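Read through the structure below, which is laid out as structure tokens, and then see the notes.
Every value quoted in this text rests on a predicted model; they were computed, and no experiment measured them.
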Amino acid sequence: MTKTNFKTKKVRMPVVIAIVLAVSALVGVVGYLSSGYKDMDVKGWIYERNPDNLFDYAFDTGKNEDGVKVSVDEYGVINVKGFVADTGRSEEIVYTLESVTLPAGTYVLSTTEGNSSKNTILLYGIIEGDSNTWYADNTSSMVRTFDAKTKVTFKVGVYKDDCDVNFTIHPVLNEGTEPLKDFLVTRASTK
């Protein structure tokens, strides 16, 4: 058996730093020359409501209750911020979005982040004449089929208590069995 002796060269730290700086500079120059950084500013992007989202986003602009502020932006994104005290209720704060009469069909109630749960903040619907609640909780109960025209009142409930909260929820209601994105983002034309 022959013993092979491999010599290893140690790369010195200044050489490694020089290589990293050279590669970073090269990437920056290529990005600048190819105009790859032109629309990196989000002000150059266009946000538009998903037209298939059945919520009309005409929610109230918000409310203040017991030190908690609920606000809604122009895209229908709801933010709940403040200190939520324990009142002994199952839901500490309830914010009613709107009532919608849905034609017969199959619908999905969802949030894009998937953060809707009974541990934090929850988007749900109260179905008129039905004792079941329609939850946007990333389970199969997000999908509901109605055989006739049905009125549903949609709400956001805050379940977490005795703490500072800063929750954001994007309510989405769409026809079908798969949830949609709440709004679409496109880059503005640079031409």
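Closest approach of Trp134 to Ile127, counting heavy atoms only: CB-CD1, 4.0 Å. Minimum heavy-atom separation, Thr133 to Arg144: O-NH2, 3.2 Å. Asn174 and Asp52 get closest at one heavy-atom pair: CB-O, 3.6 Å. Glu92 approaches Ala85 most closely through the heavy-atom pair OE1-O, 3.1 Å.
Val72 and Leu54 fall within the same hydrophobic cluster, defined by Ile, Leu, Val, Met, Phe, Trp and Tyr side-chain heavy atoms under 4.5 Å apart, directly or through other members. Cluster annotation: Phe83 and Ile121 are assigned to distinct hydrophobic clusters (Ile/Leu/Val/Met/Phe/Trp/Tyr, side-chain heavy-atom contacts under 4.5 Å, transitive).
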Exercise answer: donor-acceptor pairs, residues 146-164 side-chain atoms, under 3.5 Å, sequence neighbours excluded:
from   : atom 1 : to     : atom 2 : distance (Å)
Thr150 : OG1    : Ala148 : O      : 2.9
Thr153 : OG1    : Ser99  : OG     : 2.8
Asp162 : OD1    : Asp86  : N      : 3.3

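Taking 4.5 Å as the limit, some side-chain heavy atom of Val68 sits within range of a side-chain heavy atom of Val80. Considering only heavy atoms from C-beta on, Leu109 comes within 4.5 Å of Phe55 through its side chain. Counting only heavy atoms from C-beta outward, the side chains of Ile78 and Leu97 approach each other to under 4.5 Å. Val143 places a side-chain heavy atom less than 4.5 Å from the side chain of Thr106. At a threshold of 4.5 Å between non-hydrogen side-chain atoms, the residues Thr111 and Val172 do not count as touching.
Asn79 is linked by a side-chain hydrogen bond (donor to acceptor under 3.5 Å, both in side chains) to Asn166, Thr168, counting only residues two or more places apart in sequence or in another chain. When the side-chain contact (heavy atoms from CB on, under 4.5 Å) test is applied to Ile17, the partners found at least two apart in sequence or on another chain are Met13, Leu21. The side-chain hydrogen bond (donor to acceptor under 3.5 Å, both in side chains) test applied to Tyr107 returns no partner, not counting sequence neighbours. Ser24 is linked by a side-chain hydrogen bond (donor to acceptor under 3.5 Å, both in side chains) to nothing, counting only residues two or more places apart in sequence or in another chain. Residues forming a side-chain hydrogen bond (donor to acceptor under 3.5 Å, both in side chains) with Ser141 (at least two apart in sequence, or on another chain): Asp137, Thr139.
Put simply, OG1 on Thr120 and CD1 on Ile169 are 7.5 Å apart, with the number rounded to the nearest 0.5 Å. Here the CG atom belonging to Leu180 is positioned 7.0 Å from the OG atom belonging to Ser110, to the nearest 0.5 angstrom. Distance OG1/Thr145 to CG/Leu102: 11.5 Å, rounded to 0.5 Å. Separating the CG atom in Leu123 from the CE atom in Met142 is a distance of 9.5 Å, to the nearest 0.5 Å.
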